[in-house]
Amino acid sequence: MASLFVIQGRDQGRRFELNKPALGIGRDTGNLIQLHDTEVSRRHAEIRQNGNDWMLVDLNSSNGTFVNSEPVGERPLKSGDRLQIGRTLLIFTGEEEASEDLSQIINIVGKSPSENESRIVRTIGQEEGSRIFDGSLEVENPWLARARSNLQIMYRTALAVSHTLDIDQLLRRIMDLIFEWVEADRGCIMLVDQDTEELIPKVRRTRQSMAPEERIRISRTILDYVMNKKEGVLTTDAQEDQRFSPAQSILKLGVREAICVPMQGRYGIVGVIYIDTFTPPGRGIQSPLGTRFTEEHLKLMVAIGHQAALAVEDTSYYSAMVQAERLAAIGQTIATLSHHIKNILQGIRGGSYLIDEGLKSNEQEVIRKGWGIVEKNQERISNLVMDMLTFSKERKPDLISADLNETAGEVVELMQTRANDYQVELIFRPTPNLPLLTFDPEALHRAILNVVTNAIDACEKVDNRKVLVSTNYSAEKKVAWIDVEDTGEGMSPEDMKKLFTVFESRKGARGTGLGLTVSQKILREHNGDIRVVSEVGKGSRFRLHFPAVAAESSKTLPFEAPMQ
């Protein structure tokens with residue numbers, strides 16, 4: 001399906017599916033493509049389907065509609081076209097064409113004794129690739145030496161672009177490469193701010209012979225020329241350059257030679273790269289200086305600027321995709337939690353109704369029943385909130401000296417009423433003489449509670465309802481663990497794969513799909529984990545294990561929890 005994807009602007013990360021014959025674009029809520037951009041008209045434009053194609057039509061908007069930086073009134077769209085509407089930049093993706101089945105044409109031949117083996121004669125890795133272009137071999141032909149030097153610069157720039165998503169780090173590396181290659185005195189890379197459209201300096205560089213704190217004043221004349229003309233500038237004698245009048249700033253800043261190139265990407269100019277040679281104003285030149293910058297330098301700078309721009313755009317697109325995934329995850333989370341909260345509120349409403357009726361007729365039994373329902377749902381809210389907090393927050397365990405038997409025993413005592421309600425026999429079997437260990441008792445209590453709750457719920461539909469909670473300790477392996485075994489329905493291999501997936505629950509409306517995920521997170525924060533053995537029709541065993549660090553020791557030891 002054709003779509004518009006916002007890569008720049010307040011709606012960055014949103015994707016609009018083109019699922020109707022005509023879709024309005026603008027600020028009004030009546031538009032199927034609503035943009036929260038103050039420079040977009042209320043009804044700015046419309047995108048219309050014409051057979052298998054799509055047409056963009058401007059609706060006499062105040063600030064105009066642009067496709068690939070050109071103003072349009074009406075224009076058919078092709079995949080990859082960039083739409084500029086106000087400060088919002090969108091990418092159009094058309095219908096996917098049916099692709100040819102190449103599997104019938106291209107075959108990967110398997111290795112068999114009857115076939116001649118292909119022999120790999122030569123391989124080239126990244127380091128050797130660098131050496132090929134490093135100019136270390138003696139070459140008599142000056143043209144060939146220059147060509148290889150240029151290839152080396154492009155090769156190293158390509159490596160820098162491909163190895164990082166950190167724009168600042170990339171720009172610093174590119175500036176380093178430029179200064180290795182050309183005798184510039186000063187250099188700067190500036191990027192276009194998405195909100196103000198102003199050039200913002202990101203990287204500066206000066207020769208070691210110059211004072212590092214010396215300010216770089218860059219000519220607005222050159223910047224305006226490059227941004228407006230969208231072409232690189234080379235000036236080797238600013239005083240004689242006919243493109244700049246004597247009153248312009250380039251002649252007042254001591255600039256002798258300068259190169260400034262646009263960082264032209266797929267969707268527009270994202271910034272500029274600027275280098276120059278410099279003589280401070282008022283300081284005369286004692287002897288004539290040769291030209292440092294040539295047209296060859298300009299061509300290579302344009303190519304480097306283009307590569308850097310593509311990297312900046314790719315990073316922006318990646319950020320937009322991450323933002324879109326986050327918005328989708330937030331939407332899924334809100335929808336899931338809203339469903340559970342709605343069920344809890346319905347329970348509270350039912351309990352409140354009973355309390356109200358009991359108060360009217362002064363029937364204590366009805367009031368107690370209503371209060372029991374309210375209390376149960378209040379506990380569900382508390383558990384949901386605690387699980388959300390635990391899951392969403394990165395935290396280090398509050399390690400203190402504690403008794404594992406006592407922590408597990410408190411859970412069993414707390415869950416005894418629930419077990420009785422479900423007619424489940426809840427058994428606690430602590431290990432005697434268990435030494436004091438270092439762990440977070442509050443967090444571990446939460447982890448055990450979630451697992452025991454699930455174990456009790458798993459027994460609901462079986463006849464033999466039993467849950468056994470036991471503590472264990474191995475001095476030899478330096479590991480402690482809690483086993484929670486149930487005689488419930490058990491789980492299939494398919495269910496086991498989704499056991500710790502967020503919002504996956506086998507309890508229907510009663511489950512949130514957070515409990516086991518939270519328990520696993522808590523155990524992993526203790527450098528432990530949860531291991532599960534289950535068989536359909538026979539039940540499950542959950543083992544919550546973590547390093548057994550004695551109370552007097554602070555060293556965490558490697559371990560392996562045995563699954564017997």
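- Of all heavy-atom pairs spanning Val226 and Ile269, the tightest one is O-CD1, 4.4 Å.
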Only distances under 3.5 Å count here; give the side-chain donor-acceptor pairs of residues 15-28 to other protein atoms, sequence neighbours excluded, each with its distance to 0.1 Å.
residue	atom	partner	partner atom	Å
Arg15	NH1	Ser3	OG	3.4
Arg27	NE	Val40	O	2.4
Asp28	OD1	Arg42	NH1	3.4

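- Interatomic distance, CD of Glu231 versus CD of Gln264, reported as 11.5 Å (0.5 Å rounding).
- Every pair passing side-chain hydrogen bond (donor to acceptor under 3.5 Å, both in side chains) that includes a residue from residues 43-53 is listed here, sequence neighbours excluded: His44-Ser61, His44-Thr65, Glu46-Arg48.
- Side-chain atoms of Asp37 do not come within 3.5 Å of backbone N or O of Arg10 as any donor-acceptor pair.
- Here the shortest heavy-atom pairing between Leu90 and Thr88 reads CD1-CG2, 3.9 Å.
- Side-chain N or O atoms of Gln84 include one that pairs as donor or acceptor with a backbone N or O of Gly86 at under 3.5 Å.
- Proximity of Phe293 to Leu298: side-chain heavy atoms (C-beta onward) are nowhere separated by under 4.5 Å.
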Quiz prompt | Candidate pair Asp176 and Arg205, rule side-chain contact (heavy atoms from CB on, under 4.5 Å), full reasoning | solution = CA-CA 8 Å; Asp176 289 341; Arg205 178 78 185 270; 2.6 Å; yes

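- Of all the heavy atoms in Ala184 and Phe179, the pair that sits closest is O-CE2, 3.6 Å.
- Note that CG of Leu77 and CD1 of Ile91 are 11.0 Å apart. Values are rounded to the nearest 0.5 Å.
- By the salt bridge (charged side-chain N to carboxylate O under 4.0 Å, His left out) test, Glu39 is found to be paired with Arg87, residues two or more places apart in sequence or in another chain being considered.
- Side-chain contact check for Val312 versus Lys202: every heavy-atom pair is 4.5 Å or farther apart.
- To the nearest 0.5 Å, the span separating CZ on Arg82 from CD on Glu313 amounts to 8.0 Å.
- Among all heavy-atom pairs drawn from Leu56 and Ala45, the shortest one is CD1-CB, 4.2 Å.
- Here the shortest heavy-atom pairing between Leu199 and Gly271 reads CD2-CA, 4.2 Å.
- Nearest heavy atoms, Ile174 versus Ala308: CD1-CB, 3.5 Å.
- Here Glu295 contributes atom CD and Leu234 contributes atom CG; the two are 7.5 Å apart, rounded to the nearest 0.5 Å.
- Atom CG in Leu191 sits 9.0 Å away from atom CD1 in Ile200 (nearest 0.5 Å).
- Arg75 has no carboxylate O lying under 4.0 Å from a charged side-chain N of Asp58, or vice versa, which leaves the two without a salt bridge.
- Here the CE-CD1 distance, from Met301 to Ile275, works out to 4.0 Å after rounding to the nearest 0.5 Å.
- A donor-acceptor contact shorter than 3.5 Å links the side chain of Ser41 to the backbone of Ser62.
- Asp276 has a carboxylate O that lies under 4.0 Å from a charged side-chain N of Arg186, or vice versa, which qualifies the two as a salt bridge.
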Practice problem: Would you please test Val302 and His306 for side-chain contact (heavy atoms from CB on, under 4.5 Å) and show each step? | Solution: CA-CA 6 Å; Val302 168; His306 180 58; 5.7 Å; no

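- Exactly one of Met175, Arg173, Met190, Gln169 qualifies for a side-chain contact (heavy atoms from CB on, under 4.5 Å) with Val203. That residue is Met175.
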Exercise. I would like to know whether His36 and Arg14 meet side-chain contact (heavy atoms from CB on, under 4.5 Å); could you show each step before the answer?
Key: CA-CA 11 Å; His36 301 86; Arg14 294 187 65 188; 3.8 Å; yes

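- A distance-only check finds no donor-acceptor pair linking the side chain of Asn450 to the backbone of Ala447 [under 3.5 Å].
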